[in-house]
Amino acid sequence: QISTSITINAPASRVWGILTKFEDYPEWNPFVLNLELLNKSDEKLVEGVYLKAEIKLPGENPMTFKPKVIKFIEGKEFRWKGKVLVK
């Protein structure tokens, strides 16, 4: 399990906008190379949709996994769950 937390000195609406703007993840998350909705026909981020995440952990090759959005409450909570195989 990868988990982290931080206190951010910014309005919640600004933070939410950043967390849900997938194309900008590589700019602020050093492990994420790409993040997008798996099915281009899914126009909205909602519980049950799958994401396509390309990540690179230190000392590892880049890997792609397909996490499922397990909790999504607009402006409040965004959680996904997926499996990554690491040597």
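Since the model is a prediction, treat every value here as computed from it, not as a measurement. If you read the sequence from its start, that first residue is 1, and numbering goes on from there.
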Which pair of non-hydrogen atoms, one from [X] and one from [Y], has the smallest distance, and what is that distance?
X: Pro67; Y: Phe65; result: CD-O, 3.3 Å
X: Trp80; Y: Leu51; result: CE3-CD1, 3.0 Å
X: Val49; Y: Val46; result: CG2-O, 3.2 Å
X: Asn34; Y: Pro26; result: N-CG, 4.4 Å
X: Tyr25; Y: Leu19; result: OH-O, 2.8 Å

Assert yes or no for the condition that the ring centre distance of Trp16 to Phe72 is strictly below 6.0 Å.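 Between Phe72 and Trp16, which both carry aromatic rings, the centre distance is below 6.0 Å.
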In Å, rounded to the nearest 0.5 Å, how long is the span from CG of Leu37 to NZ of Lys44? 12.0 Å
Kindly work out whether a path of hydrophobic side-chain contacts (I/L/V/M/F/W/Y, heavy atoms less than 4.5 Å apart) joins Ile18 to Phe31. yes
When you look at NZ of Lys56, are more than 12 heavy atoms from neighbouring residues, nucleotides or ligands closer to it than 6.0 Å?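 Yes, the 6.0 Å shell around NZ holds more than 12 heavy atoms from other groups.
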Ionic contact status for Arg79 with Glu77, cut-off 4.0 Å: yes
Taking C-beta and beyond as the side chain, do Glu47 and Ile70 meet within less than 4.5 Å on heavy atoms?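 A side-chain contact is absent here, since even the closest heavy-atom pair is not under 4.5 Å.
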Taking the side chain as every heavy atom from C-beta outward, state whether Lys81 and Lys68 have any pair of such atoms under 4.5 Å apart.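 A side-chain contact under 4.5 Å is absent here.
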From the options Leu35, Val32, Leu33, select the one residue that forms a side chain to side chain contact (heavy atoms under 4.5 Å, CB included) with Glu54. Leu33
